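In this text the structure is predicted, and so the values were computed from the model without any measurement. First the proteins, then the strands, lettered A, B, ... as listed; each starts at 1.
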Amino acid sequence: MPFGNTHNKLKLNYPAEEEYPDLSQHNNHMAKVLTPEMYAKLRDKETSSGFTLDDVIQTGVDNPGHPFIMTVGCVAGDEETYEVFKDLLDPVIEDRHGGYKPSDKHKTDLNPENLKGGDDLDPKYVLSSRVRTGRSIRGFCLPPHCSRGERRAIENLSIESLDALEGDLKGKYYALKNMLEEEQQQLIDDHFLFDKPVSPLLLASGMARDWPDGRGIWHNDNKTFLVWVNEEDHLRVISMQTGGNMREVFNRFCTGLAKIEALFKERSHEFMWNEHLGYVLTCPSNLGTGLRAGVHVKLPNLSKHDKFGKILKNLRLQKRGTGGVDTAAVGGVFDISNADRLGFSEVELVQMVVDGVKLLVDMEKRLEGGDSIDDLMPEQKQ
Amino acid sequence: MANTFRRLISSRSTAVLLASLGAGTMATGFLLSENGSLAAEMKKKLYPPSSDFPDLRKHNNCMASALTPAIYARLRDKLTPNNWTLDQCIQTGVDNPGHPFIKTVGCVAGDEESYEVFADLFDPVIKDRHNGYDPKTMTHPTDLDASKLTNGMFDDNYVLSSRVRTGRSIRGLSLPPACSRAERREVERVVVMALAGLKDDLSGRYYSLGEMTEKEQQQLIDDHFLFDKPVSPLLTCAFMARDWPDARGIWHNNEKTFLIWVNEEDHTRVISMEKGGNMKRVFERFCRGLKQVEHLIQERGWEFMWNERLGYVLTCPSNLGTGLRAGVHVRLPNLSKDPRFSKILDNLRLQKRGTGGVDTAATGDTFDISNNDRLGKSEVELVQLLVDGVHYLIDCEKKLEKGQDIKVPAPVTQFKK
């Protein structure tokens, strides 16, 4: 939403230094990159839909960040944002995605046949497996900027396409604003229901406007394939199941995504994608694959080992509590997932998780038996 | 009515993607080109106002009561001279359906002209909120001559403190929902420079929110002067908390009886207060201080937003007119337990709040009692109403103390015709 947009020409009456935000208390990617000179250069620009520099950075201005966690501090309002404001976003992307350069190309690989193994993670340790990503529909503005009409059009398009899925992917859509009490409770019990964002990082970017208009959840009858509509991105696509068969989860993920993409194409729409940035999403942190593949895994011994952090880092994995990002682990059970999103393909990232978690479970078993894990220490993956 | 053609031009800089959906959904497309205005025109055609009209079925606020699809269609594509839109005015009301018992306003102004350009919405909202006041036909009286107030001293045994507050906006600068950082900083500069010119019992100093020391902050908290970043979604959804705490601050005089908030919900909020029941002195200082501040900004070529129809123009329509809330903290242990208490307040055109402010509960038997009305009566009239009303309440309290009976007063008249 245009807090800044319709106002942009008026702001040009004031010199750039007068409009430049005070970022002295700030610690996020945007604040590290946005100099007064860059601000002066970019502030009179707009995308065709009217998204401005101030719209891009508002969330980062309003949320100085955390001394330990480096947030991104900027969002896109449409596909063109990444072009028009590349002077800001390219360095942000480089910083956030391990040195990814403006000239780099991102490889997309959603062929599940290319994954080796992944069907034999020990279910005594690996309690559940999940893969998620996001997709944006080309031609529409993104959640920070879309009008109600656009958001509803995205919803209608999504419902039509998802309704055409068949077989084990056949399912049903639950609009947030029409949901019955029983439906709502069921979705909560299934851990499917998403709520209005409360994080100031999201609210300050305008993503929660008009809630719950145009938002909803679709899932298949088997409850193993789930799509969120108009939350942080146009679509969030999730494949999941209990146990350690990540191969099956990834297979369903790829098949489902391919089918959804085909159904959208039948209706003359495609996903936002390009050679450099891969799949284009609202937050620069989700560019590329937008993929987070993860497991809930029991690692009570390994998690107490003083090299746990280093092991994860070398494997290019990250840990979270089982409540999701920013929660603490409960009962030695961790959410372990890939740290990267851009610069690696989907298959490569899932492979990292599969191989990495296998190793972590082997280490856990060793430690259980009182044995050392020194010979299992992994090298830093590149 | 769905089109069934699709055309894709593959050049990178100009790609036209027109797509159609099945029956019942609308055609959509997006013109990606260097020419921004063409894209905007395209969008207006593809998304008629009906597709953007908010779903207000679960809503209970003044905006939702007034906004029809026809009004929305007429106003959606209009802009104020500062490029503020209807959607921006109503966002807070769309995002906050309201409360079954409290009817919130549900819309804000981005600038002075919002009230004109979007009059088709704001006029009925104003009428709803201000007891039938019709901006098209009525004029609002402004009267800041404190000498006209009579009987302005209360019994200190009952009245613990007295306070009058209002807001003022600086003409020519956008309001908090819409202002850019530079505009907000300009408001701060204009106001702080003017306040530096206040003398004698009004002389004081400014504390910028972003720069105050720990010690200063603690003192302001102890004095109950410090305001914090808004948490109410009514305000945050109206874009008022952007860039916090940039250009926000608090000014107060050395005696701590005259206080000004800069760039919170309005450009300025002006407060005169003191312990005890001397409302006469509180109001006198209020009027004198306001006039001096106005004079000081006029010296530099600025003025307050004001007009005959709406009085002083502020961000929220509920504060138009005088923007004035005059109130006391008063002990009413017996009266508050009487079943006629609410009716008495109603007829006196007063409201009660807890001593923590709006939406707090009363602690013990002490209440915050203030005027209900803002628009259609002058400052002097409203403070007089408060004064007469509080005297009546204290009288009732004293009677009940003695075991005597009390009467519910006749209702005060509405607007002077």
Where does Leu56(B) contact chain A at under 4.5 Å (heavy atoms): side chain, backbone, both or neither? neither
Please classify the contact between Arg184(B) and chain A as side chain, backbone, both or neither, with a heavy-atom cut-off of under 4.5 Å. neither
Among the listed options Arg57(B), Arg185(B), Lys58(B), the residue most often paired with chain A at heavy-atom distances under 4.5 Å: Arg185(B)
Hey, is NZ on Lys41(A) packed in by over 12 heavy atoms from elsewhere, all under 6.0 Å? no
Out of Asp213(A), Asn63(A), Asp210(A), which one racks up the most heavy-atom pairs below 4.5 Å with chain B? Asp210(A)
Whatever's closer than 4.5 Å to a heavy atom in chain B on Gln25(A) counts as neither
With a cut-off of under 6.0 Å to the ring centre and 45° to the axis, is Arg135(A) in cation-pi contact with Tyr279(A)? yes
Test applied, salt bridge (charged side-chain N to carboxylate O under 4.0 Å, His left out); reference residue, Arg148(A); option that passes from Asp52(B), Asp95(B), Asp87(B), Asp55(B): Asp87(B)
Tell me, side chain or backbone of Arg76(B) under 4.5 Å from chain A's heavy atoms, or both, or neither? neither
Pairing of Lys265(A) and Glu270(A) as salt bridge, 4.0 angstrom limit: no
Under 4.5 Å from a heavy atom of chain B, the part of Lys177(A) involved: both
Mind checking whether Phe271(A) and Phe264(A) have parallel, tilted or perpendicular rings, split at 30° and 60°? tilted
Would you say Tyr82(A)'s side chain and Val280(A)'s backbone share a donor-acceptor pair under 3.5 angstrom? no
Tell me, out of Glu19(A), Glu18(A), Lys196(A), who's got the most heavy-atom pairs with chain B below 4.5 Å. Glu19(A)
Kindly indicate, with the supporting measurements, whether the criterion salt bridge (charged side-chain N to carboxylate O under 4.0 Å, His left out) is fulfilled by Asp54(A) and Arg43(A). CA-CA 7 Å; Asp54(A) 280 324; Arg43(A) 73 174 186 135; over 6 Å; no
Tell me, side chain or backbone of Asp22(A) under 4.5 Å from chain B's heavy atoms, or both, or neither? both
